[in-house]
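The shown structure was predicted, so the numbers you read here are calculated from the model rather than taken from an experiment.
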Amino acid sequence: MLVTETVLHLGPELERAVNRMDFFRLFKSLAGSHGFSYFGVTEILGEEQGIDLQHVHALHNFPVSWFDDPKQHVIGRSDPVFVHLQQSCAPCLMDIEQNSSGVLSSDGCGSAVVVPLQAATGKRHGLIMVGDVSGLDHQALALIALDASLIFQRYFEVILSLDSISGLSDREIQIVRWTSEGKTSAEIAIILGLSEHTVNSYIAAVLRKLHVVNRAQMVASAIRSGLIT
């Protein structure tokens with residue numbers, strides 16, 4: 001039987017979470033409290049896309065060196081982590097060396113906890129925690145899954161659902177985020193593999209949707225609404 005009082009994030013820390021950085025810290029804390037060095041949480045898209053850790057809703061601290069292309073943080077569709085998140089609703093502890101994960105077996109990390117999550121909209125998400133941890137029993141795994149679901153529920157309520165209400169697409173939010181980091185349209189085009197004209201078209205659409213007149217106001221509005229941090 002689960003003792004909910006032992007779950008890490010039932011208290012005020014969870015209630016105070018209002019932006020992506022807050023949730024980054026919560027998921028990182030969850031991973032670290034169980035001995036895992038790295039974590040990633042993101043929406044699970046179609047089979048042809050695998051797990052895109054540069055998706056607008058993704059949070060992770062996986063090293064760039066784990067990926068063949070530093071600009072494409074993708075866990076492929078044949079990777080056992082992706083397969084589990086696509087096919088199962090149950091958390092699991094995975095030996096990623098025996099399961100031949102092409103990405104997550106880097107840096108000497110031998111194990112991963114994989115927790116399927118589902119948003120109220122029906123979209124599938126997943127939490128992946130990676131490290132050199134063994135011997136987690138069923139109760140510990142169940143508590144991780146419960147903790148993850150509580151954090152994710154709050155993340156959906158204050159971030160993901162707001163993104164939907166705002167009327168901005170995932171790509172538009174992604175472009176706003178790069179703009180907030182000082183990138184020009186030309187630089188964003190290179191990062192996202194788009195034309196500069198397409199990036200400018202996205203920005204013009206965002207300006208209309210947010211009822212602002214320039215990029216500075218666009219970024220300020222997005223920060224105030226919690227769309228970006």
Side-chain angles (χ1 to χ4, degrees), residues 9 12-30 38-45 49-67 69-74 117 119-121 123 125-127 151-229:
H9 302 300
E13 186 179 359
L14 180 59
E15 293 302 317
R16 288 195 296 263
V18 295
N19 57 48
R20 284 182 171 80
M21 183 56 67
D22 292 336
F23 289 100
F24 180 94
R25 294 191 187 103
L26 285 171
F27 282 115
K28 184 179 180 181
S29 175
L30 174 59
Y38 307 103
F39 82 94
V41 59
T42 189
E43 183 178 337
I44 308 304
L45 304 174
Q49 295 171 286
I51 299 173
D52 181 4
L53 290 164
Q54 286 195 326
H55 187 271
V56 65
H57 294 152
L59 302 170
H60 78 92
N61 66 345
F62 297 146
V64 172
S65 60
W66 286 13
F67 302 91
D69 184 347
K71 293 182 180 179
Q72 299 293 326
H73 293 185
V74 173
L117 300 164
T121 57
K123 291 183 178 180
H125 294 69
L127 170 66
I151 301 170
F152 180 76
Q153 180 179 352
R154 174 73 176 170
Y155 184 47
F156 175 80
E157 289 172 355
V158 303
I159 302 294
L160 304 187
S161 61
L162 182 62
D163 286 357
S164 176
I165 293 170
S166 74
L168 300 190
S169 68
D170 290 347
R171 178 66 84 189
E172 287 168 341
I173 296 170
Q174 201 170 33
I175 288 172
V176 173
R177 182 173 296 157
W178 283 117
T179 302
S180 74
E181 295 182 9
K183 302 297 184 183
T184 66
S185 293
E187 291 169 330
I188 296 171
I190 293 171
I191 291 168
L192 299 180
L194 304 172
S195 71
E196 185 175 354
H197 174 75
T198 298
V199 171
N200 286 331
S201 295
Y202 275 121
I203 290 174
V206 173
L207 295 177
R208 290 194 301 272
K209 291 179 180 181
L210 297 182
H211 307 289
V212 295
V213 298
N214 58 44
R215 297 186 187 206
Q217 290 181 0
M218 175 184 77
V219 170
S221 176
I223 292 173
R224 283 196 303 270
S225 64
L227 293 174
I228 63 173
T229 58

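- In this structure, Y202 OH and R171 CZ are separated by 6.0 Å, a value rounded to the nearest 0.5 Å.
- Checked against ring-ring contact (aromatic ring centres under 6.0 Å, His included), F24 has the following partners two or more places apart in sequence or in another chain: F39.
- H60 meets the ring-ring contact (aromatic ring centres under 6.0 Å, His included) test with F62, H73; sequence neighbours excluded.
- Nearest heavy-atom pair, G182 versus E187, reported as atom, atom and distance to 0.1 Å: O-OE1, 4.0 Å.
- Expressed to the nearest 0.5 Å, how far CD1 of I191 lies from CH2 of W178 amounts to 4.0 Å.
- In this structure, L160 CG and K123 NZ are separated by 8.5 Å, a value rounded to the nearest 0.5 Å.
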Apply the test side-chain hydrogen bond (donor to acceptor under 3.5 Å, both in side chains) to residues R177 and Q174: give CA-CA distance (whole Å), side-chain angles for both, the deciding distance (0.1 Å), then the verdict. CA-CA 5 Å; R177 182 173 296 157; Q174 201 170 33; over 6 Å; no
When you look at I151 and F23, which way does the side-chain contact (heavy atoms from CB on, under 4.5 Å) test go after all the steps? CA-CA 8 Å; I151 301 170; F23 289 100; 4.0 Å; yes
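- Under the 4.5 Å side-chain criterion, counting only non-hydrogen atoms from C-beta, L59 is in contact with V41.
- Residues R154 and L26 form no side-chain contact, since every pair of their non-hydrogen atoms from C-beta on lies 4.5 Å or further apart.
- Between the side chain of T179 and the backbone N or O of I175, at least one donor-acceptor pair lies under 3.5 Å.
- Contacts of E172 classified as salt bridge (Lys or Arg N to Asp or Glu O under 4.0 Å), with partners at least two apart in sequence or in another chain: K209.
- Distance check, rounded to the nearest 0.5 Å: OH of Y155 to CG of L117 gives 11.5 Å.
- The two residues V219 and S180 have their closest heavy-atom pair at CG1-CB, 3.6 Å.
- Here the CZ-CZ distance, from R25 to R20, works out to 14.5 Å after rounding to the nearest 0.5 Å.
- Residue I188 holds its CD1 atom at 12.5 Å from OG1 of T198, rounded to the nearest 0.5 Å.
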Evaluate side-chain contact (heavy atoms from CB on, under 4.5 Å) for I44 paired with I51, printing each intermediate quantity in order. CA-CA 6 Å; I44 308 304; I51 299 173; 4.1 Å; yes
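- Of the possible donor and acceptor atoms, none in the side chain of S221 sits under 3.5 Å from a partner among the backbone N and O of Q217.
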